[in-house]
Amino acid sequence: MTITVVPTGEACGAYIEGVDLTKPLDSDQIRDIRKAWNEHHVIIFRQQPMNDDDLERVSGYFGHLAVDPFVVPIPGRKHMIAIKREADETSPIFADIWHADWTFKADPPFATCLFGIDIPPTGGDTLFANQVMALEQMPEDLRDKLEGRIAIHSAKMGYSKKGSYGDKFKSHSMEINASDEALESETHPFIIKHPESGKQSIYGSAIAYIVGVEDMPQKEGMDLVMELQRWQVQERFVYRHKWEKDMFVMWDNRSVLHKATGGFEGHRRELHRTTIADKAGC
Ligand code: SIN
């Protein structure tokens, strides 16, 4: 059965129709989904009443499942976490900051999958900023400043003991193991080339997790990183995704940034998440 691709008409994202993810997919379907994904960066499947086995199976069609370095997984599911917030919870919204997942690692997962389980009637949208588009439209003087530059990435602002998800993060539904491992850093170029589409994009963003620029004084480097972030997440590059129960979304961390949002106080929200890496054991 051939799939139908319906673009959101916004900065990125497309709905994929004509596929039942609760059943095994064949290689033609996987190829067609991958093609649409490379083109639209974020792909959305509606009305897919999957269980956690289905979620792992579907994620696994596209690469190796990765283990979250800091968020404690769902019991019995090494590769899956729950993004969860109870109706009466007052802790800050998890992941309410622009980022690409785990860029503080040497081999970050290239993709993330999220599946809607308990969706509030309002709020809780996920924002995606198209980093291919942001680079294509970037003014020459900013691009000149970034070309050939290497960014320093670290999880310290989030997941170290003093970070925003460290000792002071009081959530009663998400368990996070803040640790000194978050103080380590890795480097990646600011501008990367997608291995399949060949398109260039901006990789990562300030704070989560870019904390400096190689061979630049700290202040000068962070001024550049903040200037870049102001460019990267302008509204014209952003698609606001609204969730439904049983909705499955996959995004490419090499070509979009993402960010959670609040606005659902008094309502429960739960989504299950997997990440996909090129290499096994990441
Ligand atoms: C995430 O960054 O994976 C969470 C996104 C969300 O909760 O909307």
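Basis for what follows: all heavy atoms, side chains included, without hydrogens, waters or symmetry-related copies. We count ligands from 1, going down the list as the structure has it; atoms in each ligand are counted the same way.
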Chemist: Which side-chain N or O atoms in residues 73-81 pair as donor and acceptor under 3.5 Å with protein atoms at least two apart or in another chain?
Modeler:
| residue | atom | partner | partner atom | Å |
| --- | --- | --- | --- | --- |
| Arg77 | NH1 | Asp53 | OD1 | 2.8 |
| Arg77 | NH1 | Glu56 | OE1 | 3.4 |
| Arg77 | NH2 | Asp53 | OD1 | 2.8 |

Chemist: If two hydrophobic side chains count as joined below 4.5 Å and joins carry through other members, does Met157 share a cluster with Leu224?
Modeler: yes
Chemist: Does a donor on one side chain sit under 3.5 Å from an acceptor on the other, for Thr112 and Asn253?
Modeler: yes
Chemist: May I have the N/O to N/O pairs between ligand 1 and the protein that fall below 3.5 Å, each with atom names and distance to one decimal?
Modeler:
| residue | atom | partner | partner atom | Å |
| --- | --- | --- | --- | --- |
| ligand 1 | 2 (O) | His99 | NE2 | 3.3 |
| ligand 1 | 2 (O) | His258 | NE2 | 3.0 |
| ligand 1 | 3 (O) | Arg273 | NH1 | 2.8 |
| ligand 1 | 7 (O) | Arg269 | NH1 | 2.9 |
| ligand 1 | 7 (O) | Arg269 | NH2 | 3.4 |
| ligand 1 | 8 (O) | Thr126 | OG1 | 2.6 |
| ligand 1 | 8 (O) | Arg269 | NH2 | 2.9 |

Chemist: Scan side-chain atoms only and decide if His99 and His258 contain a donor-acceptor pair under the 3.5 Å cut-off.
Modeler: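 Result is yes, a qualifying pair exists.
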Chemist: Name the atoms and distances for all side-chain donor-acceptor pairs under 3.5 Å in residues 273-282, with sequence neighbours left out.
Modeler:
| residue | atom | partner | partner atom | Å |
| --- | --- | --- | --- | --- |
| Arg273 | NH2 | Asp68 | OD2 | 3.0 |
| Thr274 | OG1 | Ser59 | OG | 2.8 |
| Lys279 | NZ | Asp107 | OD2 | 3.3 |

Chemist: For Glu175, what residues pass the salt bridge (Lys or Arg N to Asp or Glu O under 4.0 Å) criterion, not counting sequence neighbours?
Modeler: none
